[in-house]
Amino acid sequence: MTKMEKRPCNEPEVRKGPWTMEEDLILINYIANHGEGVWNSLARSAGLKRTGKSCRLRWLNYLRPDVRRGNITAEEHLLIIEMHAKWGNRWSKIAKHLSGRTDNEIKNYWRTRIHKHIKQSENFATLPLSNFEEPVFTNQVHSSYVPADNALSQSNDHNIWGMEDFWSMQLLH
DNA sequence: AATTTGTGCAACCGCCACCTG
DNA sequence: GCAGGTGGCGGTTGCACAAAT
């Protein structure tokens with residue numbers, strides 16, 4: 001919340017924006033002890049000043065132990081394209097076929113990598129054939145479209161706390 | 001070195017469907 | 001049948017960081 005907003009004084013304070021390490025730990029600990037439940041009451045019981053929706057999203061997209069982030073493989077890349085052709089923007093449906101992947105990640109991946117390149121190739125299509133480059137999805141392109149390792153480490157770098165850290169801390173309790 | 005522009009991703013928003021009383 | 005609460009989904013936004021100028 002960047003601006004000061006008026007809020008009725010009887011309404012509980014609701015935090016927005018990026019999650020802090022403390023909040024993550026509270027949520028992880030609470031779910032580890034009590035399991036997932038009704039998210040609104042979970043948020044209240046855990047003492048988090050977040051909406052149930054926000055907690056659910058954070059858990060599903062980031063904190064779940066089985067969630068896999070980054071490093072989309074060529075195989076997954078192909079599956080995404082295939083399933084998107086079949087179902088369109090049904091991200092959650094697509095995500096269910098890619099274990100550990102979230103709809104949010106696939107949606108972002110599509111928008112930032114695949115869709116962008118399709119747009120680009122559409123632009124190429126308006127050019128004379130002599131200017132036309134490789135079709136977007138060839139074997140050759142698979143490797144170039146899979147995020148480079150350094151790009152991944154870059155994206156993981158600003159997560160100072162990896163999920164492994166959280167879960168290893170969890171095991172200590 | 002400073003500034004601008006582009007990119008990737010986490011998180012929010014709004015809508016809809018389902019459930020329960 | 002209706003209203004309120006909740007979960008799930010897809011679209012969009014805001015921000016941090018990288019790359020380009």
Side-chain angles (χ1 to χ4, degrees), chain A residues 1-8 10-28 30-31 34-46 48-74 76-77 79-81 83-123 136 141 144-166:
Chain A
M1 209 185 283
T2 51
K3 293 174 196 164
M4 293 295 279
E5 287 172 13
K6 284 188 180 174
R7 176 170 38 84
N10 59 344
E11 208 171 287
E13 183 192 350
V14 177
R15 264 185 56 79
K16 287 185 181 179
W19 280 64
T20 64
M21 192 184 80
E22 284 83 7
E23 288 176 312
D24 282 345
L25 278 171
I26 290 169
L27 185 57
I28 288 170
Y30 191 89
I31 292 175
H34 302 90
E36 296 177 36
V38 180
W39 288 103
N40 277 337
S41 55
L42 185 152
R44 263 181 271 120
S45 308
L48 289 164
K49 295 183 173 72
R50 295 276 182 174
T51 63
K53 272 191 169 188
S54 180
C55 293
R56 176 185 162 271
L57 205 67
R58 182 65 174 169
W59 174 254
L60 293 179
N61 287 339
Y62 195 85
L63 299 176
R64 257 188 329 164
D66 59 329
V67 73
R68 284 163 61 220
R69 298 169 63 248
N71 209 10
I72 298 271
T73 64
E76 286 173 320
H77 175 95
L79 275 170
I80 292 169
I81 292 165
M83 291 188 280
H84 185 272
K86 210 189 286 181
W87 297 319
N89 296 359
R90 304 294 304 278
W91 306 118
S92 60
K93 195 171 182 176
I94 294 171
K96 281 179 188 130
H97 289 77
L98 297 166
S99 67
R101 298 296 183 188
T102 67
D103 53 352
N104 210 30
E105 186 177 20
I106 293 169
K107 183 168 59 181
N108 279 333
Y109 183 74
W110 176 267
R111 224 171 60 81
T112 60
R113 317 287 166 87
I114 304 174
H115 188 62
K116 195 176 75 182
H117 284 98
I118 289 174
K119 283 270 176 191
Q120 278 174 7
S121 65
E122 275 173 4
N123 290 338
V136 173
V141 177
S144 63
Y145 277 36
V146 172
D149 284 342
N150 55 352
L152 290 163
S153 61
Q154 167 208 340
S155 68
N156 288 334
D157 275 351
H158 47 76
N159 294 318
I160 300 161
W161 284 77
M163 281 304 98
E164 295 78 10
D165 298 324
F166 277 129

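Below, chain A is the first sequence line, B the second, and so on; all start at residue 1. Just so you know, these numbers come straight off a predicted model, no measurement behind them.
- Per the geometry, CH2 belonging to A/Trp39 stands 15 Å off C1' belonging to B/dA11, to the nearest Å.
- Relative to the side chain of A/Arg111, the nucleotides B/dA11, C/dT13, C/dC9 differ in distance, and C/dT13 lies closest.
- Atom-to-atom, CG of A/Leu57 to P of C/dG10 comes out at 13 Å; the value is rounded to the nearest Å.
- Between A/Tyr62 and A/Val67 the shortest heavy-atom distance is O-CG1, 3.4 Å.
- The CD-C1' distance, from A/Glu36 to C/dG8, rounds to 13 Å in whole Å.
- In this structure, of B/dC12, C/dT6, B/dC9, it is B/dC12 that holds the atom nearest to the side chain of A/Ser54.
- At B/dC12, none of the side-chain N or O atoms of A/Lys107 fall inside 4.0 Å of OP1 or OP2 (strictly under the cut-off).
- Side-chain N/O atoms of A/Trp91 include one lying less than 4.0 angstrom from OP1 or OP2 on C/dG11.
- Separating the CG atom of A/Leu60 from the C1' atom of B/dA10 is a distance of 14 Å, rounded to the nearest angstrom.
- Between the CH2 atom of A/Trp59 and the P atom of B/dA10 there is a distance of 16 Å, rounded to whole Å.
- Going from atom CG of A/Leu63 over to atom P of B/dA10 covers 11 Å, rounded to whole Å.
- A/Trp87 and A/His97 have tilted rings, their planes meeting at an angle from 30° to 60° on a 0 to 90° scale.
- Residue A/Arg90 places no side-chain N or O under 4.0 Å from the OP1 or OP2 atom of C/dC9.
- Between A/Asn89 and C/dC9 there is no side-chain polar atom (N or O) within less than 4.0 angstrom of OP1 or OP2.
- A/Ser92 has a side-chain polar atom (N or O) that falls below the 4.0 Å cut-off from OP1 or OP2 of C/dG10.
- Backbone-only contact: A/Gly37 has heavy atoms under 4.0 Å from sugar-phosphate atoms and none from a base.
- The shortest distance between the side-chain N/O atoms of A/Arg50 and the OP1/OP2 oxygens of B/dC12 is below 4.0 Å.
- Summarising the geometry, atom CD1 belonging to A/Ile72 is positioned 6.5 Å from atom CD1 belonging to A/Ile106; distances are rounded to the nearest 0.5 Å.
- With hydrogens and angles left out, the side chain of A/Lys53 and the base of B/dG14 share a donor-acceptor pair within 3.5 Å.
- A/Ile94 has its CD1 atom 16 Å from the C1' atom of C/dG8, to the nearest Å.
- Of the candidates C/dG7, C/dT6, C/dT12, C/dT6 carries the atom nearest the A/Arg44 side chain, counting heavy atoms from C-beta on.
- Applying the 4.0 Å criterion to OP1 and OP2 of B/dC13, one finds that A/Lys16 has a side-chain N or O inside that range.
- Ion pairing between a basic and an acidic side chain is recognised when a charged N comes within 4.0 Å of a carboxylate O; A/Glu23 and A/Arg58 show no such pairing.
- Residue A/Asn104 places its side chain closer to B/dA10 than to any other of B/dA10, B/dC9, C/dG8.
- Using a distance-only test at 3.5 Å, with no hydrogens or angles considered, a donor-acceptor pair links the side chain of A/Arg64 to the main chain of A/Leu60.
- Checking C/dG10, B/dA10, C/dG8 against the side-chain heavy atoms of A/Asn108 singles out B/dA10 as nearest.
- Contact record, A/Val38 with A/Ser41: O-OG, 3.0 Å, taken as the closest heavy-atom pair.
- Distance CH2 (A/Trp19) to C1' (C/dA16): 20 Å, rounded to an integer number of Å.
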